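Only one structure is covered here, and it is reproduced in the block below.
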2 protein chains.
Amino acid sequence: MVRRTAGVGRDATRDDVARLAGVSSAVVSYVVNDGPRPVAAATRARVLDAIDKLGYRPNTAARSLITGKSDLIGLIVPDVENQYFATLAKAVEKSAAKRGLRLVLGQAQPDQLPDLVESLAGHQVDGIITATPLPPDLLVRTGRLTVPLVKLSLDQPMDAVPSLSPDFYGGAQQAVRHLAEVHGHRRIALLTGGEPMDVRERGWHDALLLLGLVPDCRVQTSWTTAGGRDAALPLVERFPEATAVFAASDQQAAGLIAGLHALGRRVPDDIAIVGFDGALVGEFTVPPLTTVGVPFQQMSSDAVDQLDGGTIDKRIYPTELIVRESCGCRVGTE
Amino acid sequence: MVRRTAGVGRDATRDDVARLAGVSSAVVSYVVNDGPRPVAAATRARVLDAIDKLGYRPNTAARSLITGKSDLIGLIVPDVENQYFATLAKAVEKSAAKRGLRLVLGQAQPDQLPDLVESLAGHQVDGIITATPLPPDLLVRTGRLTVPLVKLSLDQPMDAVPSLSPDFYGGAQQAVRHLAEVHGHRRIALLTGGEPMDVRERGWHDALLLLGLVPDCRVQTSWTTAGGRDAALPLVERFPEATAVFAASDQQAAGLIAGLHALGRRVPDDIAIVGFDGALVGEFTVPPLTTVGVPFQQMSSDAVDQLDGGTIDKRIYPTELIVRESCGCRVGTE
DNA sequence: TTGAAAGCGATACCAC
DNA sequence: GTGGTATCGCTTTCAA
């Protein structure tokens, strides 16, 4: 076939650049990648010039084919619209960009994960970060997968997958203890979206026991703002004696505040609330949400590092209580 | 080089499959792609079997190299953490997934756009959807770009880029008219994050004029919840006569509600508010936010279609007033 | 310091 | 209905 020259409708290739610069295509490669061989300054200049003239841009697919890397990493979340995952996605994208990696975003519920993972692997992503829990069978197949996987912000069972997460257990305890020790609450309910006795629930449960209190007020709903709102009624009906609640996510806490308000309950006067996440949303609820902050940025950055040759494997990050007003504290409006 | 057989540390290739199935590599391709040539049922079964045994997954990079398509589309937003863009991203991802396309998410402020676009183009994305406004010079270069571009949810100036957006102008008017005609407000302020006289502002401005009112209360802040909150003080100080405000985004409206609350002002009694977006956040503010809803799903789906061979070019989508309580309406808590 | 050339994995045309 | 094979754009070894 006749070799076409660069023109409309076709990207310039490395050969075009080579021809224009009057060098071999290998040299173009050397200057683009700054190696593996040195190039004379004058030659380099000519090549750079040609690149600019042609608007040449290396074809990542071709490069990927040969190097086996794509500079792409996959991020799997259940739902980006959820503030928590949006914050996570933002942090991961930033960390990735800093390393010249691009983010392929996939949303999936656990049952769609296998397909999504296959698809990402097909796209030669250099690694996958998942904030959606993995179904056990996927875990088994993981051994066969060539793609590095790391779990982010998920409970950490005994498996072989590298995993980075906040200290769900300790954080939940912080929340409960604040409610009990600072504000004197003795009936502290749990609002969760998780499985019975997931890590946050255990934190709540054990903290209460340690305090000599009874962990018997538990409401389960979906991990969403709507879920939190809808839980308001069951909460006040089933546990009228509860004067405080630890919500396992800020999304739910925000919804709960709205739901409680609609029911005529005052927060924190009638019911105090502490959330979990430290997501943006808690800053703007009325009243502002006291919550357990997690180090998104740090975790995300480490997750990317991990794929980029790191060796963190498993790590649990300390949380920090962010005191605002929904717990009953008075803080100056800054 | 000696041909290795499939084994640990290396993905199975089409050749491996061909060998195992005892067919040529072309046939493998035919069954994988369902064409362009027919394959005998028995042969197809053998191939499928081999694929399964080997865990074969076509290498998208290689395919992309030859077809020129990557099944990847780029989405550029200023900030995924922002609820509005998170909702957009979710919708776009869903529409893309439905067509077998994967989403590459990039965050960028206008000045970083050129690099990001270059990078995405290098990754051979089949198209780029941007919800970050394009700097004019990028627009010029666009002519040289091989990558289809479509603007999503952005103001539509006179340029040659396909663009899909809600009816910012009409929507703003809806909001203002509701405040004036239904609730009798005569001093309706504008809270915006946009340039002076952007489309939403023009809608507010013109609606007021049409109503015989004066468009002289304008507060500008950032397009964020924090921006909305911080605007509360300037708003009440500079325009104490304002009894209502049209906020150009729900993010800002949510922040404004919080800020106003901190200042001791009641919404909607002291100040009524109508937002713009119909984002999730407005559902859970206290009081719930009346807002101008935009058809995220439809726009996003059309944007993906557009890249996928569509010919929509420019389209403006009708908005719909979502009446809740921040405007002063009483609606049953459902 | 530069160039020729061998692939990377997959597609699709052209014979058989 | 199947099987060679040229080719996509690029990296990198080996010679020059």
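Bear in mind the structure is a predicted one, so any value in this text is a computation, not a measurement. Throughout, protein chains are lettered first and strands after them, A, B, ... in sequence-line order, and every chain is numbered starting at 1.
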Quiz item: Considering only heavy atoms, which members of residues 36-43 of chain B lie under 4.0 Å from some atom of DNA chain D?
Solution: B:R37, B:P38, B:V39, B:A40, B:T43

Quiz item: If you round to the nearest 0.5 Å, how far is CZ of A:R315 from CG of A:L164?
Solution: 7.5 Å

Quiz item: When rounded to the nearest 0.5 angstrom, what is the spacing between OG in B:S153 and CD1 in B:I129?
Solution: 12.0 Å

pair [X]-[Y]: side-chain heavy atoms closer than 4.5 Å:
| X | Y | result |
| --- | --- | --- |
| A:L103 | B:L103 | no |
| B:T13 | B:L54 | no |
| B:S64 | B:K69 | no |

[N] [atom2] sits how many Å from [X] [atom1], rounded?
| X | N | atom1 | atom2 | value |
| --- | --- | --- | --- | --- |
| B:N59 | C:dC8 | CG | P | 12 Å |
| A:D15 | C:dA4 | CG | C1' | 12 Å |
| B:Y30 | D:dG4 | OH | P | 11 Å |
| B:R14 | C:dT11 | CZ | P | 7 Å |
| A:I51 | D:dG9 | CD1 | C1' | 14 Å |
| A:D34 | C:dT1 | CG | P | 13 Å |
| B:Q124 | C:dA10 | CD | C1' | 15 Å |
| A:R46 | C:dG3 | CZ | C1' | 14 Å |

Taking only side-chain nitrogens and oxygens of [X], does any of them come within less than 4.0 Å of OP1 or OP2 of [N]?
| X | N | answer |
| --- | --- | --- |
| B:N33 | C:dT11 | yes |
| B:S24 | D:dT2 | no |
| A:S29 | D:dT11 | yes |
| A:Y56 | D:dC10 | yes |

Quiz item: Do the charged groups of A:D49 and A:R46 touch, with an N to O distance under 4.0 Å?
Solution: no

Exercise. Report the nucleotide, chosen from D:dG3, C:dG9, C:dA10, that has the shortest atom-to-atom distance to any side-chain atom of B:L65.
Key: C:dG9

Quiz item: Which nucleotide in the list D:dC10, D:dG3, C:dG3 gets nearest to the side chain of A:I66?
Solution: D:dC10

Quiz item: How is B:R63 classified with respect to the nucleic acid when contacts are heavy atoms under 4.0 Å: base, sugar-phosphate, or nothing?
Solution: sugar-phosphate

Exercise. Classify the nucleic acid contact of B:V23 as base, sugar-phosphate or nothing, counting any heavy atom under 4.0 Å across all strands shown.
Key: sugar-phosphate

Quiz item: Will you find, in the side chains of B:D11 and B:Y56, an N or O donor that is under 3.5 Å from an N or O acceptor?
Solution: no

